[in-house]
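What follows is one structure encoded as structure tokens, with my remarks underneath.
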There are 2 protein chains.
Amino acid sequence: MGRKRTKSGKIRLAEVAELAGVSPITASRFFRNPEALSVAKRARVESAAKELGYVPNLAARALASQRTEVIGVLIPSLTNNVFSDVLRGIYDASEGSRYSIQLSNTRYSILQEERLLRLFLAQKPAGLIVTGIDQTAESRAMMEAADCPIVQIMELGPSPVDMMIGFSHYDAARAAVAHLFAQGCRRIGFVGARMDPRVQRRLDGYVSAMKDTALYEQRLVVTTATPTSVTLGGALFADLLAREPGIDGVFCANDDLALGVLFECRRREIEVPEQIAIVGFNDLEFMASTVPTLTSVRTNRYEMGRTAATMLVEAIEGRRPEEPVLDLGFKVIERQSSLAQRAESQPMVSELVADRTK
Amino acid sequence: MGRKRTKSGKIRLAEVAELAGVSPITASRFFRNPEALSVAKRARVESAAKELGYVPNLAARALASQRTEVIGVLIPSLTNNVFSDVLRGIYDASEGSRYSIQLSNTRYSILQEERLLRLFLAQKPAGLIVTGIDQTAESRAMMEAADCPIVQIMELGPSPVDMMIGFSHYDAARAAVAHLFAQGCRRIGFVGARMDPRVQRRLDGYVSAMKDTALYEQRLVVTTATPTSVTLGGALFADLLAREPGIDGVFCANDDLALGVLFECRRREIEVPEQIAIVGFNDLEFMASTVPTLTSVRTNRYEMGRTAATMLVEAIEGRRPEEPVLDLGFKVIERQSSLAQRAESQPMVSELVADRTK
DNA sequence: GTATTTGCTGGTAGCGCTGTCAACGTTCCT
DNA sequence: AGGAACGTTGACAGCGCTACCAGCAAATAC
């Protein structure tokens with residue numbers, strides 16, 4: 001067949017239009033807004049496109065329309081389980097849409113974040129998802145000047161750039177400490193790693209809760225800038241014990257650390273929860289399967305990613321949410337590791353709502 | 001200043017060229033192949049670009065040059081820890097290059113993979129990274145027809161589409177079983193979940209090793225199509241015990257399952273390794289911190305991702321590797337959970353190389 | 001000295017698509 | 001019946017960049 005083809009042999013919109021007997025612009029509309037076509041032409045273009053196996057050239061579309069169908073995502077880490085859940089939510093939500101995800105890793109550096117933001121914005125993304133609320137002033141200015149919707153995820157703050165979805169790490173930490181307090185713990189240690197802004201706010205919540213009951217002491221807190229790991233949890237806990245042998249509870253800034261603490265207890269033959277209660281943060285899957293099962297603060301990470309991407313797509317298409325700031329809340333999931341009345345007769349602690357959930 | 005600007009207010013190449021006093025094409029070359037310019041013009045363009053804050057329009061570049069600077073990555077899961085390590089390697093390697101990563105999730109479906117492949121290829125990626133060797137015939141044909149380098153990762157197979165980097169899951173499983181055998185285990189169970197092609201090949205390796213010593217029995221194998229989890233490991237192990245109470249070793253298709261098995265043993269007061277030895281697969285970080293520490297098969301996931309991306313970039317730029325198939329090998333990391341001579345005096349088993357590593 | 005090569009530079013012509021606006025036919029209203 | 005309003009369609013003109021090829025000067029070869 002003598003149809004004109006692009007050099008690379010690809011089918012262009014013009015070919016589809018020709019086969020369908022319409023103008024290229026009409027064919028173009030079919031792919032972007034089918035309702036604008038009459039039923040007859042719509043069917044003709046559809047079958048022509050299918051027959052030729054037409055796939056739009058996104059670069060040409062982006063150039064002509066001056067915008068891309070890309071959602072930029074800036075996260076601080078690819079290693080962290082927490083972000084893999086969030087990402088999964090984002091990818092899942094994006095699949096139903098026409099938008100594709102462009103991911104970049106800031107490595108917990110706000111300068112790196114600024115650099116990436118500049119790069120992203122230059123390509124005119126359809127929307128942006130950024131982590132947290134601790135951007136540089138320059139980043140913030142760029143985001144405010146950007147002409148695309150932006151969602152900040154993972155936590156809440158006083159002045160959203162645009163939309164925001166997360167929960168209060170501060171309140172969540174306070175709830176965890178309150179839970180330990182209710183179980184009778186008084187000398188409650190804090191174990192934290194990496195100390196990124198969100199972990200820092202968990203620490204702040206811990207400190208405030210401890211001060212409320214006049215239990216706070218600086219030496220109950222053990223932190224490091226080192227990235228988190230199970231092994232590190234054990235090591236930090238060992239430090240804590242060395243400093244303060246009398247502790248009766250530990251609040252860990254995440255579940256990996258909590259697991260490390262649990263094993264360190266086992267290694268030292270410290271009974272959990274009889275001698276020391278343990279509470280983690282995030283409620284990863286394994287927390288329900290350990291022996292004893294581990295109490296944790298459930299955060300809705302998958303849902304956070306999914307909702308962020310969904311809100312963003314809605315906003316891109318002009319349907320801004322009535323409420324641009326969404327608090328996903330948290331739950332303290334009480335399990336054996338922190339219950340005062342642990343009993344063999346009650347091996348599976350049901351997942352209780354210990355605090356507000358929006 | 002009266003400089004002509006693009007409608008959106010962005011600086012174009014033409015502006016940079018004008019300020020530098022060169023033609024646009026010369027400025028263009030500066031960004032793609034600076035060595036082709038004389039030193040004087042190079043400096044002029046460079047400073048002009050910096051002064052104006054020029055950022056290239058990638059859509060225009062892609063349209064004009066008929067290729068993109070995108071590396072497509074197809075992986076089957078975002079949840080799995082294994083892939084997050086691989087991805088981290090890929091992203092790390094891509095950062096030094098001009099290429100950006102476009103990620104898609106096949107969800108362990110080769111039809112979905114085929115669909116995504118078609119989509120990717122239509123955008124003329126600079127290169128492609130795909131997982132495994134079990135593509136549909138159609139996918140395979142598309143990849144062979146593609147005019148970009150392709151790396152298959154995660155495992156090795158007889159007929160690479162282009163490049164390939166991984167290791168033999170079959171051999172790795174055989175090595176794990178051989179290790180258990182060497183420790184005196186005879187009734188060795190297999191616990192597997194999801195049963196994707198690679199887990200299936202681990203099972204094949206297990207079966208073959210067991211048959212070598214005439215120890216194989218169908219009922220020693222417990223598998224499920226359900227996605228893996230720690231909890232599931234415990235449940236599958238419970239099934240295995242119910243079927244075959246006399247087992248003295250378990251080879252788990254991954255570390256999550258192994259952790260679940262360990263906790264299930266603890267729950268049932270089965271001594272590890274005295275009564276049952278446990279071996280996992282992948283050697284995730286926590287395996288070295290459990291009590292007892294867990295033996296596993298180390299696979300070089302981060303390196304795999306990193307090397308795959310590096311090889312790909314090299315190939316894109318015309319420097320094809322001398323050897324297109326790379327075996328990254330594996331190591332059986334022997335720890336307490338499987339050692340016959342476990343002893344309190346030897347709490348930390350050093351990480352021994354039990355098998356070949358390339 | 002002339003011919004050839006090499007290195008650098010610029011002009012022209014698109015890449016494939018969509019924004020804009022005008023034009024058409026149909027329906028509905030008065 | 002005349003006109004407005006609407007829905008549908010197409011012509012045109014780029015989007016910002018690079019491939020291609022030509023041109024020119026300097027360097028090298030004979």
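All chains are named by letter (A, B, ...) in the order of the sequence lines, taking the proteins before the strands, and each is independently numbered beginning at 1.
Separating the CG atom of B/N57 from the P atom of C/dC17 is a distance of 17 Å, rounded to the nearest angstrom. In this structure, the CG atom of B/L13 is 14 Å from the P atom of C/dG11, given to the nearest Å. Across the protein-nucleic acid pair, A/R12 atom CZ and C/dG14 atom C1' stand 11 Å apart, rounded to whole Å. Straight-line distance from the CD atom of A/E15 to the C1' atom of C/dC17: 13 Å, rounded to whole Å. Residue A/Q66 contributes atom CD, which lies 12 Å from atom C1' of C/dC17 at whole-angstrom precision. When the P atom of C/dT12 is taken as reference, atom CD1 of B/I25 falls 13 Å away, rounded to whole Å. Protein atom CG of B/L58 is 10 Å distant from nucleotide atom P of D/dT18, rounded to whole Å. A/Q123 has its CD atom 12 Å from the C1' atom of D/dC17, to the nearest Å.
Distances were taken from every side-chain heavy atom of A/R61 (C-beta onward) to each of D/dC15, C/dC17, D/dT18; the shortest belongs to C/dC17. Here C/dC15 is the nucleotide among D/dG10, C/dC15, C/dC17 with the atom lying nearest to any side-chain atom of B/L63. Relative to the side chain of B/A64, the nucleotides D/dT9, D/dG14, D/dT18 differ in distance, and D/dT18 lies closest.
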B/R44/B/L19 under side-chain contact (heavy atoms from CB on, under 4.5 Å): CA gap, chis, key distance, verdict
CA-CA 8 Å; B/R44 295 233 302 278; B/L19 180 62; over 6 Å; no
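Taking the six-membered ring where the residue is Trp, B/F83 and B/Y108 present perpendicular rings, their angle passing 60° and hence far from 30°.
No contact: A/A62 has no heavy atom under 4.0 Å from any strand. Nucleic acid contact for B/F31: none, since no nucleic acid atom lies under 4.0 Å from a heavy atom of the residue. Across all strands shown, A/R67 has heavy atoms under 4.0 Å from sugar-phosphate atoms exclusively, and none from any base. Residue contacts for B/Y54: at a heavy-atom cut-off of 4.0 Å it reaches the sugar-phosphate backbone alone, with no base atom in range.
For C/dG10, the base has a donor-acceptor partner in the side chain of B/R29 [N/O atoms by modelled type, under 3.5 angstrom].
At the phosphate of C/dT9, neither OP1 nor OP2 sits under 4.0 Å from any side-chain N or O atom of B/T26. Contact annotation: A/S38 reaches the phosphate of D/dT9 (side-chain N/O to OP1 or OP2, under 4.0 Å). A close approach under 4.0 Å does occur between a side-chain nitrogen or oxygen of B/K41 and OP1 or OP2 of C/dT9. Contact check, A/S65 against C/dT18: no side-chain N or O comes under 4.0 Å of OP1 or OP2.
Rounding to the nearest 0.5 Å gives a distance of 12.0 Å between CD1 of B/I316 and CE of B/M311.
A donor-acceptor pair under 3.5 Å is absent between the side-chain atoms of A/Q123 and the main chain of A/F120, judged by distance alone.
When all heavy atoms of A/A308 and A/V151 are compared, the pair lying nearest together is O-CG2, 3.8 Å.
Side-chain contact of B/R32 with B/S28: a donor-acceptor pair under 3.5 Å is present, judged by distance alone.
In terms of position on DNA chain C, the residue among A/P24 and B/A60 whose nearest nucleotide sits closer to the 5' end is B/A60.
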